[in-house]
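All values below come from the heavy atoms of this structure, side chains included, with hydrogens, waters and symmetry mates left out.
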Amino acid sequence: MAWVVLVVSGLLEAGWALCLKESHGFTRLWPSVGFGVLLAASMAGLAFALRTLPVGGAYSVWVGIGAVTTAVLAMTFLDEPVTLVKVVSIGLIVAGVVGLNASGGAHA
């Protein structure tokens, strides 16, 4: 169950990051509200998962999911350019998270 919550929390991290961008420095109400709600939910999920998962592996998964999802959504919906360097870098993030967890960072 902790892994499911952690994955959902990582996806929520991408949501709050995108809301932060769309809030234009907290000058737009609904993206600002979305940011706060998604941030709180993401952190609560991470905190729940850390009750049973080791911090190194769990945090790397949470950050990796958030970073990769944010980058992909920004390129897909916010017209950020898609470049070979970005695609390779996303692959490296995924490889790094897998490597950290394969090396014993995610036992539960």
Side-chain angles (χ1 to χ4, degrees):
M1 180 58 134
W3 281 108
V4 172
V5 172
L6 185 67
V7 169
V8 171
S9 295
L11 295 171
L12 293 174
E13 181 191 2
W16 66 253
L18 295 171
C19 282
L20 183 60
K21 166 72 173 163
E22 292 302 307
S23 78
H24 297 281
F26 300 114
T27 62
R28 296 176 60 208
L29 177 62
W30 292 116
S32 299
V33 169
F35 164 78
V37 169
L38 293 171
L39 176 66
S42 180
M43 291 294 171
L46 177 62
F48 174 84
L50 288 177
R51 291 174 33 197
T52 56
L53 299 175
V55 70
Y59 186 72
S60 69
V61 168
W62 182 76
V63 169
I65 290 170
V68 168
T69 303
T70 301
V72 169
L73 291 175
M75 288 185 282
T76 303
F77 297 109
L78 299 179
D79 298 322
E80 290 192 10
V82 179
T83 66
L84 180 61
V85 172
K86 284 185 182 181
V87 172
V88 169
S89 297
I90 288 169
L92 290 170
I93 292 169
V94 172
V97 169
V98 170
L100 280 169
N101 286 292
S103 69
H107 301 332

Using every non-hydrogen atom in the two residues, find where [X] and [Y] come nearest and quote the distance to one decimal.
X	Y	result
P31	C19	O-CB, 3.4 Å
A14	G66	CB-O, 3.9 Å
V63	E13	CA-OE1, 3.7 Å
G64	V97	CA-CG2, 4.0 Å
I65	G10	CG2-C, 3.5 Å
L100	S60	CD1-CB, 3.6 Å

Quiz item: Would you say the side chain of K86 lies within less than 4.5 Å of the side chain of P81, judging by non-hydrogen atoms?
Solution: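 Answer yes - side chains close enough.
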
Quiz item: Any side-chain heavy atom of L50 sitting closer than 4.5 Å to one from Y59?
Solution: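 When only atoms from C-beta onward are counted, Y59 and L50 do not touch, as no gap falls below 4.5 Å.
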
Self-check item: Those residues that, when tested against W62, pass side-chain hydrogen bond (donor to acceptor under 3.5 Å, both in side chains) (two or more places apart)
Solution: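 side-chain hydrogen bond (donor to acceptor under 3.5 Å, both in side chains) check on W62 returns S42.
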
Exercise. Would you please test T70 and K21 for side-chain contact (heavy atoms from CB on, under 4.5 Å) and show each step?
Key: CA-CA 11 Å; T70 301; K21 166 72 173 163; over 6 Å; no

Group every Ile, Leu, Val, Met, Phe, Trp and Tyr by side-chain heavy-atom contacts under 4.5 Å, then state whether [X] and [Y] land in the same group.
X	Y	result
V68	V87	yes
L39	V61	yes
I93	V98	yes
L11	F35	yes
V5	M43	no

Quiz item: Does the side-chain contact (heavy atoms from CB on, under 4.5 Å) test come out yes or no for L20 and S23, once each step is laid out?
Solution: CA-CA 5 Å; L20 183 60; S23 78; 4.2 Å; yes

Self-check item: Separation between CG of N101 and CG of L53, rounded to the nearest 0.5 Å
Solution: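 That separation rounds to 9.5 Å.
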
Exercise. Give, for atom CG of L46 and atom CG of L12, the distance between the pair rounded to the nearest 0.5 Å.
Key: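 The CG atom of L46 sits 11.0 Å away from the CG atom of L12.
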
Quiz item: For F77, which fellow cluster members are found when Ile, Leu, Val, Met, Phe, Trp and Tyr are connected by side-chain heavy-atom distances below 4.5 angstrom, either directly or through intermediates?
Solution: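 In the cluster with F77 are L18, L73, L78.
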
